[in-house]
There are 2 protein chains.
Amino acid sequence: MNMAFTIKEASERLGCSAPTIRYYEKEGLLPYIKRDKHGNRLFEQDHLDWIRLMKCFRATGMKMSLLKQMVNLALDGDSTIPQRKSILNQYKEDLFRRQSELAEALDAVNNKLSIYEDIEMGRASSESQLLNKMENQQHSASDREG
Amino acid sequence: MNMAFTIKEASERLGCSAPTIRYYEKEGLLPYIKRDKHGNRLFEQDHLDWIRLMKCFRATGMKMSLLKQMVNLALDGDSTIPQRKSILNQYKEDLFRRQSELAEALDAVNNKLSIYEDIEMGRASSESQLLNKMENQQHSASDREG
DNA sequence: ATAATCCTTAAACCGCGCTTTAAGGCAACC
DNA sequence: GGTTGCCTTAAAGCGCGGTTTAAGGATTAT
């Protein structure tokens with residue numbers, strides 16, 4: 001067994017472009033890719049799994065430079081596990097920060113949307129200053145211009 | 001009343017650089033900024049609130065071009081509210097997508113971390129292939145190499 | 001044999017979102 | 001009246017993360 005994939009197969013399975021994969025390899029994020037006799041890359045399942053993981057981390061804000069640090073540490077063996085844990089724990093903090101940013105944004109969007117509905121239903125007006133139209137944060141809080 | 005702020009005050013209150021604020025204005029994200037007799041910008045509370053909201057949206061992946069669309073629609077009056085709602089609803093979808101990406105990444109990080117702890121405690125080994133060191137997804141799932 | 005389809009590389013290019021630089025104006029303090 | 005410190009503008013520069021281009025090699029199908 002030990003099935004190997006061409007770059008095209010890999011890119012199809014992963015949903016990321018072949019140039020991107022090559023770029024990752026060039027940047028050192030993807031060590032130990034073997035080649036066939038013609039110099040064509042051969043990806044194994046392990047590589048696909050690692051790329052998939054990188055994709056997941058990248059999509060949530062991890063920098064390539066951090067991925068590279070982790071690769072380099074991994075290549076240095078198990079003695080670097082504490083450092084890798086520390087990187088991942090920092091990244092985890094980052095994820096939590098992003099979660100609360102998302103929650104905040106969701107609140108703000110919902111607030112805006114309900115303001116718009118109020119305006120549509122005639123329950124509120126879009127105030128004087130033009131910016132207020134986008135900007136009317138209070139939403140039926142203070143109405144001292146009766 | 002109707003307190004106005006210099007760009008420096010605005011940038012301090014908002015935690016974003018003065019050049020960024022100028023850039024936003026230039027890009028049309030920030031209409032109706034008044035000037036004093038010397039041509040210096042004067043920001044009112046409304047502007048600060050709107051910038052703060054933009055910051056919140058930007059931090060969670062909204063493109064400047066989308067912000068600009070919303071500004072332009074707002075400048076066209078209440079008749080564009082349906083379009084603005086539609087934009088915000090799409091963005092909301094985006095936020096949900098990001099939320100699940102974050103959740104996925106958190107899972108993956110926690111998985112990695114527990115693999116590392118297993119290795120540290122001698123409960124698992126860091127397998128053969130070098131990539132496996134980073135890459136050993138299964139984590140005490142299948143161990144058919146007895 | 002020729003065309004299509006895959007692969008390779010190096011290098012150039014791109015969009016985004018700022019940041020930095022350069023050149024200058026006004027105002028207040030010492 | 002010079003220095004400091006704020007402001008202005010236009011334009012250039014930058015870091016990131018790829019994408020695109022160009023030039024070429026090998027395999028397969030017709």
Side-chain angles (χ1 to χ4, degrees), chain A residues 3-30 32-44 47-48 50-71 91 94 98 101 105, chain B residues 3-30 32-44 47-48 50-71 91 94 98 101 105:
Chain A
M3 180 75 172
F5 306 96
T6 68
I7 197 164
K8 197 191 182 206
E9 289 162 343
S11 93
E12 280 160 357
R13 272 164 183 76
L14 292 166
C16 62
S17 78
T20 297
I21 298 177
R22 291 195 192 100
Y23 172 64
Y24 282 5
E25 191 197 14
K26 197 178 63 174
E27 293 302 302
L29 268 49
L30 218 34
Y32 300 114
I33 304 289
K34 295 195 187 102
R35 305 297 182 113
D36 70 11
K37 59 187 168 192
H38 302 302
N40 294 348
R41 289 173 184 81
L42 291 176
F43 297 86
E44 291 170 33
H47 297 118
L48 301 201
W50 170 232
I51 296 171
R52 211 186 304 279
L53 185 61
M54 290 201 289
K55 208 187 163 197
C56 167
F57 286 178
R58 291 279 310 113
T60 50
M62 184 180 279
K63 305 268 179 190
M64 286 183 53
S65 58
L66 210 52
L67 285 171
K68 191 169 180 185
Q69 275 184 51
M70 297 215 299
V71 170
Y91 170 53
D94 226 78
R98 280 172 213 274
E101 287 171 348
Chain B
M3 180 74 171
F5 306 96
T6 67
I7 197 164
K8 197 190 181 205
E9 290 162 343
S11 91
E12 280 161 357
R13 270 163 183 78
L14 294 165
C16 61
S17 79
T20 296
I21 298 177
R22 291 195 193 99
Y23 172 66
Y24 281 6
E25 191 198 13
K26 198 177 62 174
E27 293 300 303
L29 268 47
L30 219 33
Y32 299 114
I33 303 290
K34 295 198 187 101
R35 305 297 182 112
D36 70 10
K37 58 189 168 191
H38 303 303
N40 294 348
R41 290 172 184 81
L42 290 176
F43 297 86
E44 290 170 34
H47 297 118
L48 300 201
W50 170 232
I51 296 171
R52 211 186 305 279
L53 186 60
M54 289 200 292
K55 210 187 161 195
C56 167
F57 286 178
R58 290 280 309 112
T60 50
M62 184 179 280
K63 305 267 179 191
M64 286 183 52
S65 58
L66 210 51
L67 285 170
K68 192 171 180 184
Q69 275 184 51
M70 296 216 298
V71 170
Y91 169 52
D94 226 81
R98 280 170 212 273
E101 287 171 349

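Every chain is numbered from 1 and lettered A, B, ... according to where its sequence line falls, protein lines coming before strand lines. Because the structure is a prediction, the values reported are computed rather than measured.
Here the CG-CD distance, from A:Asp94 to A:Glu101, works out to 8.5 Å after rounding to the nearest 0.5 Å. The SG atom of A:Cys56 lies 14.0 Å from the CD1 atom of A:Ile51; values are rounded to the nearest 0.5 Å. Here CD1 of A:Ile21 is found 8.0 Å from CG of A:Leu48. Values are rounded to the nearest 0.5 Å.
Nearest nucleotide to the side chain of A:Arg58, out of C:dT8, D:dG17, C:dC18: D:dG17. Across C:dC6, D:dC7, D:dG17, the shortest atom-to-atom separation from the side chain of B:Lys8 is found for D:dC7. Distance from the side chain of A:Arg35 is smallest to C:dT9 among C:dG17, D:dC7, C:dT9.
For the pair B:Thr6 and D:dC6, the criterion of a side-chain N or O lying under 4.0 Å from OP1 or OP2 is not met. Within the 4.0 Å cut-off from OP1 or OP2 of C:dA10, not a single side-chain nitrogen or oxygen of A:Arg22 is found. Put simply, A:His38 has a side-chain N or O that comes within less than 4.0 Å of OP1 or OP2 on D:dT27. Listed pair A:Ser17 / D:dG18 fails the phosphate criterion, with no side-chain N or O lying under 4.0 Å from OP1 or OP2. The side chain of A:Thr20 places no N or O atom within less than 4.0 Å of a non-bridging phosphate oxygen (OP1 or OP2) of D:dG18. Between C:dG17 and B:Tyr24, no contact under 4.0 Å exists linking OP1 or OP2 to a side-chain N or O.
A donor-acceptor contact shorter than 3.5 Å links the side chain of B:His47 to the backbone of B:Tyr32.
No contact: A:Ser65 has no heavy atom under 4.0 Å from any strand. When heavy atoms are screened at a 4.0 angstrom cut-off, A:Arg41 is found touching the sugar-phosphate backbone but no base atom.
Nucleotide C:dA10 holds its C1' atom 14 Å from the CD atom of A:Glu25, rounded to whole Å. As a whole-Å value, the separation of B:Tyr23 OH from C:dT20 P is 15 Å. Atom CD1 of A:Ile21 is separated from atom C1' of C:dC7 by 13 Å (rounded to the nearest Å). The separation between B:Leu30 atom CG and C:dG17 atom P is 16 Å, rounded to whole Å. Rounding to whole angstrom units, CD1 of residue B:Ile7 and P of D:dG5 are separated by 19 Å. One can place CG of B:Leu14 at 16 Å from C1' of C:dC18, the figure rounded to the nearest angstrom. In this structure, A:Met54 atom CE and D:dC16 atom P are separated by 17 Å, rounded to whole Å. The distance between atom CD1 of A:Ile33 and atom C1' of C:dT8, rounded to the nearest whole Å, is 15 Å.
The nearest heavy atom of DNA chain D to A:Pro19 and to A:Lys37 marks one nucleotide each, and the one closer to the 5' end goes with A:Pro19. Both A:Asn40 and A:Lys26 lie close to DNA chain C; mapped to their nearest nucleotides by heavy-atom distance, the more 5′-ward contact belongs to A:Asn40.
Remark: the A:Tyr23 side chain and the A:Ser17 side chain contain no N/O donor-acceptor pair separated by less than 3.5 Å.
Of the charged side-chain nitrogens involved, at least one lies within less than 4.0 Å of a carboxylate oxygen, so that A:Glu12 and A:Lys8 count as a salt-bridged pair.
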